Asker: 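Sharing a structure, written as structure tokens. Questions coming.
Start at 1 and go down the list; that is how both ligands and their atoms are numbered. Not measured: the values here are computed from a predicted model.
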Amino acid sequence: MNAKLHILGSGSALPVSSHFPTCHILELRDKQFMIDCGEGTQIRMREMGIKTNRLGHIFISHLHGDHCLGLIGLITSFGMLNRTADLHIHAHSDLQKILQPQLDFFCTELSFQVIFHAVNPTEHQLIYEDRSVEVYSIPLIHRVPTCGFLFKEKEGLRHIIREKVDFYQVPVWQLNRIKKGEDFVTEEGETIPNHVLTTDPTPTLSYAYCSDTLYNEKIISIVKDVDWLYHEATFLNSESLRAKKTLHSTAEQAAKIAKEANVKNLIIGHYSTRYRSKKKHLEEAKSVFENTYLAEDKKSFDLK
Ligand SMILES: [Zn+2]
Ligand SMILES: [Zn+2]
């Protein structure tokens with residue numbers, strides 16, 4: 001099954017035409033999850049031809065404008081488009097205090113419900129779960145309460161080997177049990193071990209999103225072995241003092257986290273507007289962790 005990550009905004013702070021503030025859309029198991037919603041999100045959605053009819057949940061990492069100022073515009077537009085499905089927003093509880101008065105003013109006849117879910121950004125815990133996906137919070141260190149998000153596909157069922165199932169004449173009503181890993185006992189009482197009848201489930205995918213944060217080794221155990229890690233890389237090494245002071249990370253620090261956590265791939269982003277090119281970010285990160293990619297506006301990653 002396809003999994004994609006769309007980068008709608010890859011920058012920080014001021015919107016500039018080459019990079020808008022942060023917004024990602026993760027497509028996983030036929031669902032869409034929006035992660036942060038900076039100003040300009042709607043424009044990028046149109047430019048990239050992303051239809052959001054499978055978007056039910058938005059996760060906001062923290063209440064700095066470059067991560068949430070796009071929300072009220074987006075919700076207003078969903079209203080104009082007569083959306084009917086509930087929209088769930090997972091964020092620090094202060095977001096509801098900020099957004100509710102705007103909703104009450106601008107969106108008096110909204111055709112759908114906006115449902116807020118308070119996230120405690122200081123805890124690493126399960127904050128969302130459905131049939132096939134789990135989302136955990138990742139506590140980060142920043143100037144305001146901030147957390148990242150770890151998306152994990154749940155393990156699916158085992159795959160039936162058709163010829164074997166036919167050979168041992170497994171009744172149809174038992175197939176679901178077999179897919180769940182049970183052995184099969186024939187009418188003669190012979191036990192056929194599950195591994196003879198099935199192959200392993202499709203490997204699951206994990207994506208961790210960490211923005212914005214001071215270099216923080218505590219996240220390593222949480223993002224251990226993930227398939228894809230997005231980690232902010234606001235600054236280059238030459239501004240490492242500035243990174244520390246503003247509670248952000250450098251590209252090299254993002255790569256250190258990726259390396260220590262043994263992730264498969266690293267995406268860096270949230271670049272300061274002081275840099276005209278991101279070439280050096282990539283160089284500095286790759287010197288520590290080879291499988292590094294640049295987040296860039298309007299770029300999509302195939303995660304599987
Ligand atoms: Zn930011
Ligand atoms: Zn911030």
Asker: Looking at residues at least two apart in the chain, or sitting in another chain, which of them share a side-chain contact (heavy atoms from CB on, under 4.5 Å) with Asn194?
Answerer: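 Result, side-chain contact (heavy atoms from CB on, under 4.5 Å) vs Asn194: Arg158, Ile178, Asp183, Thr198.
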
Asker: Between Asp130 and Lys31, is there a side-chain N and carboxylate O pair less than 4.0 Å apart?
Answerer: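 Lys31 and Asp130: salt-bridged.
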
Asker: Hydrophobic cluster mates of Trp173, side-chain heavy atoms under 4.5 angstrom, ILVMFWY only, any path?
Answerer: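 Joined to Trp173, directly or through intermediates: none.
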
Asker: Strictly under 2.8 Å of the Zn ion (ligand 1): which protein N/O/S atoms qualify?
Answerer: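 Metal shell, protein only: Asp66 OD2, His67 NE2, Asp212 OD2, His270 NE2.
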
Asker: Ring centroids only, cut at 6.0 angstrom: are His270 and His248 within range, meaning strictly under it?
Answerer: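 Yes, the ring of His270 comes within the 6.0 Å limit of the ring of His248, centre to centre.
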
Asker: When you measure from the side chain of Arg83 to the backbone N and O of Ser77, does any donor-acceptor pair fall under 3.5 Å?
Answerer: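 Checked: no pair found.
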
Asker: Checking one value in my table: which N/O/S atom of His142 lies closest to the Zn ion (ligand 2)?
Answerer: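 It is NE2, the N, O or S atom of His142 closest to the Zn ion (ligand 2).
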
Asker: For Leu150, what are the other residues in its hydrophobic cluster, where any two members join if their side-chain heavy atoms are less than 4.5 angstrom apart?
Answerer: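 Members besides Leu150, by chain and number: Leu126, Tyr136, Ile138, Leu140, Tyr215, Ile219, Ile220, Ile222, Val223, Val226, Leu229, Ile257, Val263, Leu266, Ile268, Tyr271, Leu282, Phe289, Leu294.
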
